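Worth saying up front: this structure is predicted, and the values here are computed from it rather than measured. In what follows, chains carry the letters A, B, and so on, assigned in the order in which the sequence lines appear, proteins first and then strands, with residues in each chain numbered from 1.
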There are 2 protein chains.
Amino acid sequence: MAGAGQPTIDEVARLAGVSRGTASRVINGGAHVSPAAHEKVLKAIEELQYVPSRAARSLVTQRNDAVALAISDANPRLFTEHPFFSEVIVGIDTVLAESDLELMLVLGASVRERNRLRRQLSSRRVDGIMLLSLHGEDPLYELAEQADVPVVYGGKPLGVEPPHYVDADNRGGARQAVEHLVTTGRQRIATVTGPMDMDVGVARYHGFRDALGSAGLPAHRVANADFTAASAVRAMADLLDRFPDLDAVFVAADSMAAAALGVLHERGRRIPQDVAVVGFDDRATALTTHPPLTTVHQPVQALGAEMAKMLLSLMAGRPATSLILPTRLVIRQST
Amino acid sequence: MAGAGQPTIDEVARLAGVSRGTASRVINGGAHVSPAAHEKVLKAIEELQYVPSRAARSLVTQRNDAVALAISDANPRLFTEHPFFSEVIVGIDTVLAESDLELMLVLGASVRERNRLRRQLSSRRVDGIMLLSLHGEDPLYELAEQADVPVVYGGKPLGVEPPHYVDADNRGGARQAVEHLVTTGRQRIATVTGPMDMDVGVARYHGFRDALGSAGLPAHRVANADFTAASAVRAMADLLDRFPDLDAVFVAADSMAAAALGVLHERGRRIPQDVAVVGFDDRATALTTHPPLTTVHQPVQALGAEMAKMLLSLMAGRPATSLILPTRLVIRQST
DNA sequence: TTGAAAGCGATACCAC
DNA sequence: GTGGTATCGCTTTCAA
C-alpha cells in the first residue's frame, strides 16, 4: 500500500492551467484541443501519475470496458484437468489485450456461484458475455438471452442454435479419426464418449457413427464418460469387459485417452498392435503418452480468439456470424 | 439482448412510495427501516427486477467488490500446459464465491498485456491483487508494492520476502522425494529442474541438493528446464547423453516427468528397474503415466484458497501472516 | 478551441 | 425511522 489518494482529473486540469473539459478531451483522444494545451495536460498527467477512475467513467458512459467469461460446469475438476479451458482463456486474452478490455472470470460450479454469476451478468458490470461449456438444459442459457449485452457461446449448446457461437468441427473430426481406424484395417472399433448432455459429446459420438455406418461396420461398442480421467478409466475397463475382442478405440479427449492407455497397458494390450487408440484435442499430453497419441487436432486458442473477436464485433454494433473451426487428424504411433 | 434500460433506485423508491434514502437502506442490509417500508421496497425491487449499478456504487463507496489475479509469465504455453494455474484459480474462486467478490483475470505475457495490467492495477478498479508466478526481477513486483491496495503473492518471488505470500514447501518436498530415491538404493541420481529464475525452481533444486548432501552422494547430474514439456524432453535427453549411467531422476513437475518418461522409454530404459522417476505436483497426469508416477503432492487448490482468504483479511484491515503449505510424497510404480 | 454546468446512479450525512 | 441533499469523478452538451 502507498496511500495519498489518487489524483482526479480536476487536479490535472488545475496543474495544467486548463479547464476540466479540455483535460478530458486530451485524455479521450485529444480532438479539438490546441497543441499547447494538449502538451500541458500530458505533462500534468505524467507528473501526477493520473489514471482515470473507471467507476466514474463507467457511470457516465454506460460502458464498463470489461467482458465476462463464464464457465458453467458442475464439475470443477474438469476445469483443472481439461487443458481446454486454459487454452481458450489464452486465446481470448490475446484478443482482449489489443483492445484494453478487462476480463472477468466467473466459474459457475456451485449454486452459490451461479447466483453470483446471475447477479454479475445483470448488474451492468460487463459489456459482453462469453459462455463456455454449457450442459443440457443449462439455466444459464435463458439467463444470457435476457441479458442486455451481446452473448457469444464457445461450443454450441446442446439442442439449440444460439445466434452467435464458435465451435470446432467435432463431428467431422471424429469421423476422420474413425475413418482412419477403418482404413488401417480395424474392424471392431469402440468409443469412449464425452458427456452426452453436451453438444461436444454428442457430436463426436455422431462422427463415430457416421464413419462406421459408411464402412458398414457395427457401432455398438460404446461407453460413456465425462472428460475426466477417472470416468475414462471406468469406461475403458467397461469396454474391455464387454468387448474383449475390440481392436481399436476412439476416445473423445486426449486426457481421457491417456487414462485409457493406462488401462489397456494394465490389461496386457499392446498399442497399436492389439488395440489402436485415437484421441481428440491434440494437446501437449498427446506427445507424452506412451506411445504418442494419434489424435484430432482442434484449434482451441483460435476458438477463444474468435469468440473474443465476435464479441467485440457485436459490442461495436457490427453483425457477426457463427463459426465452425476445422479440425484435422494428426497421426502418431498409437495407430 | 432485451433493452429497456435498467431501473434505478429512484424508480424503486417511487414505486414503493418511500424516499431514495430508505430504499438504499433496505438494499444495504435494512437497518433502521420499519418493517412496512422494508417490505414495500422489497416488493418494488422484485417487480422492477432492480439490480444496483456497481459503477455508481463504486464511485461513492470507493470500493469495487472485485479483486485481480495477475499471472505474469512470459510464456503463455505454461499457462496452458501446467494445470497448476487452473487449480489455483479454482481454489481462489471457491473462497471468492462466498463473499460476492468478482475476479478479474490478467495475463501478463506480452508487453502490451503488461501495460494493460499496470493500468488496471492503478485505475482503482480492484480492491486487492493476487500475483502468481513471478520470475526474477519481475517489474510487476515493484508495481504491486506501489499499488494502494493489498497484495498477496502465490509462490514466493525470487530473492525477496514480500509481506504476504502463500507457498508450498517446495524445498522440503523435493528433499523428501530425493531421500526416497536414496533410501531405495539409488546412487546416481539426476534432476530436471524448473526455471531457475523462479523461487519454485530454485527451492526444489535446493531440496535435491539437501538430500544428496546428507547422503554423501554427488549432485552434479543436473539439467535445467522451464516446466514446459518440450524443455523437459531436451533436458532428459541431455542428462542421458551426459550421464548414461544415471539410475534415478527427480523431475520438478509432473507434466515434465511425463515427458521425461517418454524419452526414457525411447532410449530403452525400463522404469523403475533401470531408472526410477519422481515428479512433483501430484496432478491427474501422475496417475495416467506409464507407469504411474511417484510424486510429491502439493495442495494447489488450498494454495489458491489461502491466497484468497489472506487477501480478504487484508482488505478487511485485519493482519495476515505468510503461509507455507506442507507437501507429501506419494509413492506409485515409477520408483 | 475552450470553459461552465448538467447529469450518470448510487451512498451517507444531516436534520427532522 | 425517514426524507432531503451533497457528493463521488468523470463525460458531454451548450455557449461563448
Side-chain angles (χ1 to χ4, degrees), chain A residues 4-42 44-45 48-66 100 119-120 122-127 148, chain B residues 4-42 44-45 48-66 100 119-120 122-127 148:
Chain A
Q6 307 266 354
T8 72
I9 193 174
D10 293 272
E11 302 177 44
V12 170
R14 197 172 314 131
L15 180 59
V18 301
S19 74
R20 177 172 35 162
T22 300
S24 177
R25 279 169 212 128
V26 170
I27 291 163
N28 297 292
H32 303 292
V33 175
S34 70
H38 192 107
E39 196 180 340
K40 282 190 292 185
V41 171
L42 252 34
I45 288 175
L48 262 35
Q49 294 261 50
Y50 169 76
V51 180
S53 153
R54 317 258 329 203
R57 176 178 285 180
S58 288
L59 188 58
V60 47
T61 59
Q62 305 283 39
R63 285 183 299 97
N64 297 279
D65 301 307
D100 262 326
R119 252 173 290 132
Q120 287 189 26
S122 53
S123 64
R124 350 195 203 20
R125 188 146 207 198
V126 293
D127 305 320
D148 52 356
Chain B
Q6 308 265 355
T8 71
I9 193 175
D10 293 272
E11 302 177 43
V12 170
R14 195 173 316 132
L15 179 60
V18 301
S19 74
R20 180 174 28 170
T22 300
S24 176
R25 278 169 214 129
V26 170
I27 291 163
N28 296 292
H32 304 290
V33 175
S34 70
H38 192 106
E39 197 180 339
K40 283 190 292 183
V41 172
L42 251 34
I45 288 176
L48 260 36
Q49 294 261 50
Y50 168 77
V51 181
S53 153
R54 306 207 67 148
R57 176 178 285 179
S58 288
L59 188 57
V60 48
T61 60
Q62 305 283 37
R63 285 183 300 96
N64 296 279
D65 300 309
D100 262 326
R119 253 173 289 133
Q120 288 188 24
S122 50
S123 65
R124 354 196 202 12
R125 187 140 209 202
V126 293
D127 305 321
D148 51 357

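- The backbone N or O of B/R57 sits less than 3.5 Å from a side-chain atom of B/T61, completing a donor-acceptor pair.
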Requested in this report: Determine, step by step, whether A/R20 and A/D10 satisfy the salt bridge (charged side-chain N to carboxylate O under 4.0 Å, His left out) criterion, reporting the C-alpha distance in whole Å, the side-chain angles of both residues, the deciding distance to 0.1 Å, and the verdict.
Outcome: CA-CA 6 Å; A/R20 177 172 35 162; A/D10 293 272; 3.4 Å; yes

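- Heavy atoms of A/T61 sit under 4.0 angstrom from primed sugar atoms or phosphate atoms, though from no base atom.
- Rounded to whole Å, atom C1' of C/dT11 lies 13 Å from atom CG of B/D65.
- In this structure, the nucleotide among D/dC10, C/dG3, C/dT11 sitting nearest to the side chain of A/T22 is C/dG3.
- Looking at A/R25, its side chain comes within 3.5 Å of the base of C/dG3 through a donor and an acceptor atom.
- Using a 4.0 Å heavy-atom criterion, one finds that A/A55 contacts no nucleic acid atom at all.
- For the pair B/Q62 and B/A31, both in contact range of DNA chain D, the more 5′-proximal nearest nucleotide belongs to B/A31.
- With B/D100 contributing its side chain and B/D65 its backbone, the two residues share no donor-acceptor pair below 3.5 Å.
- Side chain of A/I9, nearest nucleotide from D/dC10, C/dT1, C/dA10: D/dC10.
- OP1 and OP2 of C/dA10 both lie 4.0 Å or more from every side-chain N or O belonging to B/S58.
- Among all heavy-atom pairs drawn from A/V33 and A/A37, the shortest one is CG1-CB, 3.8 Å.
- No donor-acceptor contact under 3.5 Å links the side chain of A/R20 to the base of C/dA4.
- Between A/D10 atom CG and D/dC8 atom C1' there is a gap of 11 Å when expressed in whole angstrom units.
- Among the nucleotides C/dA10, D/dG1, D/dC10, the one closest to the side chain of B/H32 is D/dG1.
- Looking at which nucleotide of DNA chain D each of B/V33 and A/I27 is closest to, the 5′-most match is held by B/V33.
- Under 4.0 angstrom from either OP1 or OP2 of C/dT11 there lies at least one side-chain N or O belonging to B/S24.
- The CZ-P distance, from A/R63 to C/dG9, rounds to 15 Å in whole Å.
- Of all the heavy atoms in B/S58 and B/R63, the pair that sits closest is OG-O, 2.9 Å.
- Using a 4.0 Å heavy-atom distance criterion, A/N28 is classed as a sugar-phosphate-only contact.
- In this structure, A/L59 places its CG atom 11 Å from P of D/dT11, rounding to the nearest Å.
- Whole-Å rounding puts the B/R14 CZ to D/dG3 C1' distance at 15 Å.
- Atom CZ in B/R125 sits roughly 14 Å away from atom C1' in D/dC10 (whole-Å rounding).
- Comparing atom distances between the B/S19 side chain and each of C/dG9, D/dT2, D/dC10 picks out D/dT2 as nearest.
- We find that CD of A/Q6 is positioned 14 Å from C1' of D/dC8, with the value rounded to whole Å.
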